[in-house]
Amino acid sequence: MNIERLKAWLPHLANIAVLASIIILIFQVRQNTQAVIAASSTALTDQSIQFFMAGLDNQIISRALYKHGAGEELTGLETAQIMRLQYLNFRVFENAFLQYLRGYYEENEWERYRKIISRNLSDPIVKAMWEGNRGMGFTAEFEREVDNLQRSHLK
């Protein structure tokens with residue numbers, strides 16, 4: 001009788017095995033899809049950075065950053081160069097934030113970026129860059145995150 005019972009249960013066991021395989025396959029496809037989305041996001045960020053880097057002049061930026069740090073007056077070109085550089089920085093921050101939301105960054109990793117962003121937002125040039133790109137340069141999620149950082153920094 002044990003053989004008869006085993007024969008009766010074999011189709012059920014086979015169905016359970018097929019179901020388990022399908023669940024594992026769905027999980028793997030989902031992980032792969034998330035990895036592709038993350039890679040696409042990074043690729044778009046890289047394209048944006050390459051485009052904006054074309055307008056940067058390292059000599060002007062070096063001089064402008066030195067003058068800005070020393071509290072000296074900047075020319076319009078120097079200010080524009082620092083703003084462009086900060087825009088690139090914030091695109092990198094945005095990509096890190098999106099990767100954090102997708103679970104690819106740990107909380108403590110994103111917290112380091114949050115501190116840098118918060119510190120940078122106290123700079124008038126960074127503030128001007130941020131306000132000048134609202135609604136068109138960054139995702140709504142990232143804008144909300146930075147706005148929250150800005151509000152908490154003001155307290």
Side-chain angles (χ1 to χ4, degrees), residues 16-155:
I16 291 171
V18 168
L19 184 60
S21 297
I22 290 171
I23 291 170
I24 290 170
L25 181 62
I26 289 170
F27 181 73
Q28 288 175 335
V29 167
R30 186 173 179 197
Q31 280 186 319
N32 187 46
T33 300
Q34 289 173 340
V36 168
I37 290 169
S40 296
S41 174
T42 299
L44 287 172
T45 299
D46 289 347
Q47 287 176 342
S48 175
I49 287 170
Q50 290 300 316
F51 174 77
F52 277 90
M53 282 181 69
L56 291 176
D57 184 310
N58 288 336
Q59 290 180 344
I60 295 172
I61 288 174
S62 296
R63 184 174 49 250
L65 289 173
Y66 174 79
K67 285 172 65 176
H68 186 55
E72 297 177 21
E73 188 173 336
L74 300 174
T75 67
L77 177 60
E78 290 168 336
T79 300
Q81 288 284 290
I82 291 176
M83 286 178 83
R84 191 175 195 98
L85 178 65
Q86 288 300 330
Y87 179 82
L88 290 174
N89 285 339
F90 273 68
R91 290 293 305 197
V92 171
F93 298 152
E94 178 184 40
N95 185 55
F97 174 69
L98 295 173
Q99 302 301 359
Y100 164 71
L101 288 181
R102 293 180 184 116
Y104 291 111
Y105 276 27
E106 297 292 325
E107 177 78 29
N108 62 344
E109 291 180 81
W110 173 240
E111 188 58 33
R112 287 185 296 130
Y113 281 104
R114 291 178 88 234
K115 288 177 182 174
I116 294 167
I117 293 168
S118 190
R119 184 185 66 225
N120 285 352
L121 287 169
S122 64
D123 185 292
I125 294 175
V126 174
K127 269 188 188 173
M129 177 284 301
W130 180 250
E131 293 303 322
N133 286 288
R134 292 185 67 55
M136 61 184 176
F138 303 98
T139 62
E141 296 91 349
F142 183 65
E143 284 190 6
R144 279 192 297 277
E145 177 75 4
V146 173
D147 289 343
N148 288 336
L149 288 171
Q150 200 167 29
R151 278 192 293 280
S152 67
H153 183 73
L154 295 174
K155 293 180 181 178

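Quick note: residue numbers are just sequence positions, from 1. Computed from a prediction, not measured in an experiment: that's the story for all the values here.
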About how many Å separate OG1 of Thr79 and CE of Met129, when rounded to the nearest 0.5 Å? 13.5 Å

How many angstroms lie between atom CG of Leu56 and atom CD1 of Ile61, to the nearest 0.5 angstrom? 4.0 Å

Would you sort out whether Val126 and Asn89 count as a side-chain contact (heavy atoms from CB on, under 4.5 Å), showing the intermediate values? CA-CA 10 Å; Val126 174; Asn89 285 339; over 6 Å; no

Arg63 CZ to Leu77 CG distance, which is reported to the nearest 0.5 Å: 8.0 Å

What heavy-atom pair brings Glu73 and Lys67 nearest, and what distance separates the two atoms? O-CE, 3.1 Å

Heavy-atom distance under 4.5 Å between the side chains of Trp110 and Gln99, does that happen here? no

If every non-hydrogen atom of Met136 is compared with every non-hydrogen atom of Gly132, which pair is closest and at what distance? CE-O, 3.1 Å

If you count the non-hydrogen atoms of other residues, nucleotides and ligands that lie under 6.0 Å from CD in Glu131, is the total more than 12? yes

Heavy-atom check, side chain of Leu98 versus side chain of Arg102, under 4.5 Å: yes

Phe138/Tyr87 aromatic ring centres below 6.0 Å: yes

Gap separating the CG atom of Leu149 from the CD1 atom of Ile116, nearest 0.5 angstrom: 11.5 Å

Evaluate the side-chain proximity of Leu74 to Ile125: yes if any heavy-atom separation is below 4.5 Å, no if none is. yes

Backbone N or O of Arg119 within a donor-acceptor pair of the Ser122 side chain at under 3.5 Å? yes

Within this structure, what is the CZ-CG distance for the pair Phe93 and Leu88, rounded to the nearest 0.5 Å? 11.0 Å

Would you say Glu143's side chain and Arg134's backbone share a donor-acceptor pair under 3.5 angstrom? no

The side chain to side chain donor-acceptor pair (under 3.5 Å) partner of Tyr100 among Arg114, Glu145, Glu107, Glu111 is Glu107

Just say parallel, tilted or perpendicular for the rings of Trp130 and Phe90, cut-offs at 30° and 60°. tilted

Can you confirm whether Leu65 sits close enough to His68 that some side-chain heavy atom of one is under 4.5 Å from a side-chain heavy atom of the other? no

Hey, are the side chains of Glu78 and Ile82 touching, using non-hydrogen atoms and a 4.5 Å cut-off? no

